[in-house]
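Heads up: the structure comes next, in structure tokens.
Each ligand, and each atom within it, is numbered from 1 in the order the structure gives.
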Amino acid sequence: MLLTQTHSVAATEAAGEAFARSVQPGWVIGLSGDLGAGKTAFVRGFARGLGCPGRVHSPTFALLNEYTGGRLRLFHLDLYRLNSADDVRGAGLEEYLTQPDGVSIVEWIERWCGDAPATEGSEPGTRRRIYLRCLDENTRQIAYDCAGA
Ligand SMILES: Nc1ncnc2c1ncn2[C@@H]1O[C@H](COP(=O)(O)OP(=O)(O)O)[C@@H](O)[C@H]1O
Ligand SMILES: [Mg+2]
């Protein structure tokens, strides 16, 4: 686990932006962390790092937002409103969680795969998992799980 702390929204966005530089086609990046942990902030920076123009907003109701115009096509998913992997399949989202035609970044990934790395149906080495945690009002811990890398 690679741990870092941020002390502002901008710093969490910058972490997402930096992470985007290493991203390869077909990756699925799972984000875990409570409401307000900074997942969407991380995605905002991530989209910027890919060079996607346009404002990132949470896809909690849409479930999926797609951003084009960057280095890779970006799928931003938020599974908060789904309860299980079956729900995720029922919503037609499975391909975005296994073999995206671009890169997927997924809030509430545990709705899909719990704590497991979720390699089923996906190419080896394409899963990443990031845990965000609120330490105090303005401080967030970001933990990059390198397993599966
Ligand atoms: N260091 C920080 N990193 C990210 N967000 C922070 C930080 N400090 C305070 N915040 C606040 O926490 C909230 C994070 O919201 P958001 O990114 O939508 O979280 P999530 O998507 O995990 O629910 C925002 O209101 C933001 O202003
Ligand atoms: Mg969010």
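- Think of Leu132 as one node in a network of Ile, Leu, Val, Met, Phe, Trp and Tyr side chains linked at under 4.5 Å; its network also takes in Leu2, Phe19, Val23, Trp27, Ile29, Leu31, Phe42, Val43, Phe46, Leu50, Val56, Tyr67, Leu72, Leu74, Val103, Ile105, Ile130, Ile142, Tyr144.
- Where the criterion is an N or O separation shorter than 3.5 Å, residue side chain and backbone included, Thr139 fails it with respect to ligand 1.
- A distance-only check finds a donor-acceptor pair linking the side chain of Arg128 to the backbone of Gly125 [under 3.5 Å].
- When atom types are taken as modelled, the side chain of Ser104 and the backbone of Leu97 share no donor-acceptor pair closer than 3.5 angstrom.
- If you number the atoms of ligand 1 from 1 as listed, the ones under 4.0 Å from a heavy atom of Glu137 come out as 8 (N), 9 (C).
- Under 2.8 Å from the Mg ion (ligand 2) lies no N/O/S atom of Ser58, from backbone or side chain alike.
- No heavy atom of Gly33 sits closer than 4.0 Å to any atom of ligand 1.
- Considering only non-hydrogen atoms, atom 6 (C) of ligand 1 lies nearest to Arg140 out of Arg44, Gln5, Arg140.
- Those atoms of ligand 1 with a heavy atom of Asn138 less than 4.0 angstrom away are 1 (N), 2 (C), 7 (C), 8 (N), 9 (C).
- If you check which protein heavy atom lies closest to atom 23 (O) of ligand 1, you get Gly36 N, 2.8 Å.
- The backbone N or O of Ala20 lies less than 3.5 Å from a partner atom in the side chain of Arg71, making a donor-acceptor pair.
- Within the structure, ligand 1 has Asp34 among the residues with a heavy atom less than 4.0 angstrom away.
- For the side-chain contact (heavy atoms from CB on, under 4.5 Å) with Val88, the qualifying choice from Leu77, Leu63, Leu93 is Leu93, the only one to do so.
- No more than 12 heavy-atom neighbours from other residues, nucleotides or ligands sit within 6.0 angstrom of CZ on Arg133.
- The His7 neighbourhood of ligand 1 comprises atoms 1 (N), with distances under 4.0 Å to a heavy atom of that residue.
- Annotation: side chain of Leu35 is in contact with side chain of Trp108 (closest heavy-atom distance under 4.5 Å).
- Residue Gly38 approaches ligand 1 through these ligand atoms, each under 4.0 Å from one of its heavy atoms: 14 (C), 16 (P), 17 (O), 19 (O), 20 (P), 22 (O).
- Glu107 contributes OE1 as its N, O or S atom closest to the Mg ion (ligand 2).
- Set against the non-hydrogen atoms of Thr12, the atoms of ligand 1 under 4.0 Å away are 1 (N), 2 (C), 3 (N), 4 (C).
- Of the heavy atoms in Glu107, only side-chain atoms (C-beta onward) come closer than 4.0 Å to ligand 1.
- Using a 3.5 Å distance cut-off with no hydrogens or angles, the side chains of Gln5 and Thr139 do not pair a donor with an acceptor.
- Here's the thing with Leu35: none of its N/O atoms is less than 3.5 angstrom from an N/O atom of ligand 1.
- Between Ala37 and ligand 1, an N or O atom pair is found at a separation short of 3.5 Å.
- Here the side chains of Thr68 and Cys52 are not in contact, with every heavy-atom distance at 4.5 Å or above.
- Under the 3.5 Å distance criterion, the side-chain polar atoms of Arg111 are left unmatched by any main-chain donor or acceptor of Glu107.
- If you number the atoms of ligand 1 from 1 as listed, the ones under 4.0 Å from a heavy atom of Ala41 come out as 17 (O).
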